[in-house]
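Take a look at the structure below.
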Amino acid sequence: MANTAILKIDGKEYELPIITGTENEKAIDISKLRQQTGYITLDNGYLNTGACTSAVTFLDGELGILRYRGIPIEQLAEKASFTEVAYLLIYGHLPSDKELQDWDKELTMHTLIHEDLKRLYNGFPKDGHPMAIMSTMIGSLSTYYQDSYDPENPDHRHISMVRLLAKFPTIASFAYKKSLGQPTVHPMNHLDYCSNFLNMMFSVPSEEYYIDPEIVKALNLLLILHADHEQNCSTSTVRLVGSSLANLYGAISAGICALWGPRHGGANQEVLEMLLEIKASGLPVKKIVEKAKDKNDAFRLSGFGHRVYKNFDPRAKIIKKACDAVLSRLGVKDPLLDIAKELEEAALKDSYFVERKLYPNVDFYSGIIYRALGIPVNMFTVMFAMGRLPGWIAQWKEMIESPDMKIGRPRQIYTGATNTAYDNAKKK
Ligand code: SDX
């Protein structure tokens with residue numbers, strides 16, 4: 001098996017090393033290409049370009065495989081808790097019972113936010129999008145911890161990771177409560193991660209709030225399924241910002257904004273809005289599918305297609321199955337689920353989608369469950385971010401701790417005006 005590739009340019013041959021990963025993925029190492037040949041590569045949207053090696057998550061888009069630190073997502077979804085998966089992603093192994101207990105306790109002790117930070121919420125309009133609020137609040141956390149956010153200090157790295165994981169649910173629920181004009185509910189140390197979040201989101205001081213174990217279970221599942229996904233857009237953003245040695249709060253704040261986009265994590269909100277529009281329009285699903293295929297129409301089927309999965313997104317399969325189970329356990333009948341299933345069936349029979357290998361992705365069904373859990377639509381992408389936070393942190397930590405970390409700085413091919421004198425350029 002060759003371990004070099006030969007590149008021939010103008011009759012001259014150049015040997016480039018071939019890198020092989022533990023799952024037998026192959027890459028041509030071009031780190032010396034420009035120095036040897038004067039050439040760079042060009043790859044719009046990085047469809048063919050690896051930015052790093054990583055041991056955190058493996059996915060195979062052709063086979064629909066997803067594993068966190070080698071463990072299949074299906075097994076983690078069934079057996080693990082979200083904080084356990086967070087530990088696995090960040091530290092590279094499943095925690096022992098004692099390690100998990102200590103981890104949960106450590107996170108619990110950092111769930112409160114500074115009272116002054118709460119005042120920032122008053123500056124946002126009531127209908128401000130929660131993703132804008134989350135990015136602002138998470139970035140602002142750094143102003144309270146300036147003495148402990150040096151990415152090159154291991155103790156600072158640890159406490160920053162703990163504070164972010166612990167405070168994210170508090171900050172998210174406060175954003176929701178402020179949008180309702182309801183009093184914020186503080187975290188309770190006797191509650192687990194997901195129960196605490198539900199209590200902060202939905203309880204009110206004037207009455208007891210029953211934390212439904214079925215909802216806690218469903219929330220754990222959804223957060224686990226979103227926890228990491230190798231070098232997606234928002235993770236690559238976190239890595240790029242972190243590579244300048246900006247602090248972790250700033251890198252995560254940037255990642256939240258990248259995730260917000262409708263082509264990325266924002267798709268889960270788009271899917272629900274699309275399903276609501278389809279229901280309201282009364283249009284047959286077939287018509288919607290035709291619209292999604294029409295090149296002259298900007299409409300796309302949100303929740304469909306994926307840069308890497310050219311087969312079923314394994315997470316979508318798990319969530320679709322969970323939809324039926326969670327809705328029936330909660331006694332919820334949601335017509336949007338029937339529309340989603342009809343849409344999926346129609347699309348997967350249509351050659352346009354089959355030829356382009358467009359399948360439902362993680363965002364297609366997740367909103368149905370969030371809706372059944374009582375999460376408002378404009379908070380769906382915040383839920384995605386809460387799930388993805390440990391993955392962002394794990395990928396950032398892996399990069400910061402790697403001995404050969406470099407600041408990320410892509411090249412370009414210039415196609416603008418060539419050398420032009422000012423006087424010639426000045427309009428007469
Ligand atoms: C996430 O990367 C990750 O891992 C992301 C993620 C994660 O966990 O981090 O998995 C989470 O972001 C999932 C994706 C959520 N986004 C959506 O559901 C939005 C709808 N999907 C598309 O916008 C699109 O499929 C992308 C953005 C997801 C992927 O886009 P690509 O890989 O750049 O592919 P493309 O846009 O070039 O599309 C290829 C073809 C095009 O048609 P042709 O030019 O070949 O004729 O497929 C078409 C597209 O028009 N197409 C769709 C479509 N998605 C792609 N047509 C209709 N409906 C769609 N949803």
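Both ligands and their constituent atoms are indexed starting at 1 by order of listing.
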Can you sort out which atoms of ligand 1 are near [X], meaning under 4.0 Å from one of its heavy atoms?
X: Asn232; result: 2 (O), 3 (C), 4 (O), 5 (C), 9 (O)
X: Ala267; result: 15 (C), 16 (N), 17 (C), 18 (O)
X: Arg356; result: 40 (C), 42 (O), 43 (P), 45 (O), 46 (O), 47 (O), 48 (C)
X: Arg307; result: 29 (C), 31 (P), 32 (O), 33 (O)
X: Gly303; result: 17 (C), 18 (O)

Using atom types as modelled and distance alone, determine if a side-chain donor or acceptor of [X] lies under 3.5 Å from a backbone N or O of [Y].
X: Ser179; Y: Lys126; result: no
X: Tyr68; Y: Ala86; result: no
X: Arg300; Y: Ala292; result: no

Q. Does ligand 1 have any atom that is closer than 4.0 Å to a heavy atom of Val308?
A.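 No, that is not the case, since the closest heavy atom of the residue is not under 4.0 Å from the ligand.
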Q) Could a heavy atom of Cys233 be found less than 4.0 Å from some atom of ligand 1? A)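 Cys233: no contact with ligand 1 (<4.0 Å).
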Can you check which of [options] brings a heavy atom nearest to [atom]?
atom: atom 56 (N) of ligand 1; options: Tyr352, Phe304, Phe353; value: Tyr352
atom: atom 51 (N) of ligand 1; options: Leu358, Val362, Thr235, Asp297; value: Leu358
atom: atom 24 (C) of ligand 1; options: Arg263, Arg300, His306, Glu270; value: Arg300
atom: atom 8 (O) of ligand 1; options: His226, Lys293, Arg315; value: Arg315
atom: atom 46 (O) of ligand 1; options: His229, His264, Met274, Lys295; value: Lys295

Q) Should the pair Arg356 and Tyr352 be classed as cation-pi, given the thresholds of under 6.0 Å to the six-membered ring centre and 45° from the axis? A)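 Yes, cation above the ring, under 6.0 Å and within 45°.
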**Q.** Salt-bridge present (Glu290, Lys293; N to O < 4.0 Å)
**A.**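 Salt bridge: yes.
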Q: Locate the shortest heavy-atom distance separating Lys177 from Ser203; write the atom from each residue and the value.
A: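 Of all heavy-atom pairs spanning Lys177 and Ser203, the closest is NZ-O, 2.8 Å.
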**Q.** Student check: side-chain heavy atoms of Leu7 and Ile9 closer than 4.5 Å
**A.**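 Contact flag for Leu7/Ile9 side chains = yes.
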Q) In chain order, what residues pass the side-chain hydrogen bond (donor to acceptor under 3.5 Å, both in side chains) check against Asn189, with sequence neighbours excluded? A)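 Scan of Asn189 (side-chain hydrogen bond (donor to acceptor under 3.5 Å, both in side chains), adjacent residues dropped) gives none.
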Which protein heavy atom lies closest to [atom], and at what distance to 0.1 Å?
atom: atom 57 (C) of ligand 1; answer: Ala292 O, 3.5 Å
atom: atom 15 (C) of ligand 1; answer: Asp363 OD2, 3.2 Å
atom: atom 60 (N) of ligand 1; answer: Leu301 O, 2.7 Å

(Q) Between ligand 1 and Arg388, is the shortest N or O to N or O distance under 3.5 Å? (A)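 The answer is yes, given that Arg388 and ligand 1 share an N or O pair closer than 3.5 Å.
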(Q) Does ligand 1 come near enough to Asn361 that some N or O of the ligand is less than 3.5 Å from an N or O of the residue? (A)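 N/O-N/O distance under 3.5 Å: yes.
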(Q) With a sphere of 6.0 Å drawn around NZ of Lys118, does it hold more than 12 non-hydrogen atoms of other residues, nucleotides or ligands? (A)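 Yes, because the 6.0 Å sphere around NZ of Lys118 holds more than 12 heavy atoms from other groups.
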(Q) With a 6.0 Å cut-off (strictly less than), is the heavy-atom count around CG of Asn44, excluding the residue itself, greater than 12? (A)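 Atom CG in Asn44 is not crowded, with 12 or fewer foreign heavy atoms closer than 6.0 Å.
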Q: Sequence neighbours left out, what pairs pass ring pair (Phe, Tyr, Trp, His ring centres under 6.0 Å) with at least one residue falling in residues 308-345?
A: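 Matches after skipping sequence neighbours: His229-Tyr309, His306-Tyr309, Phe312-Tyr359.
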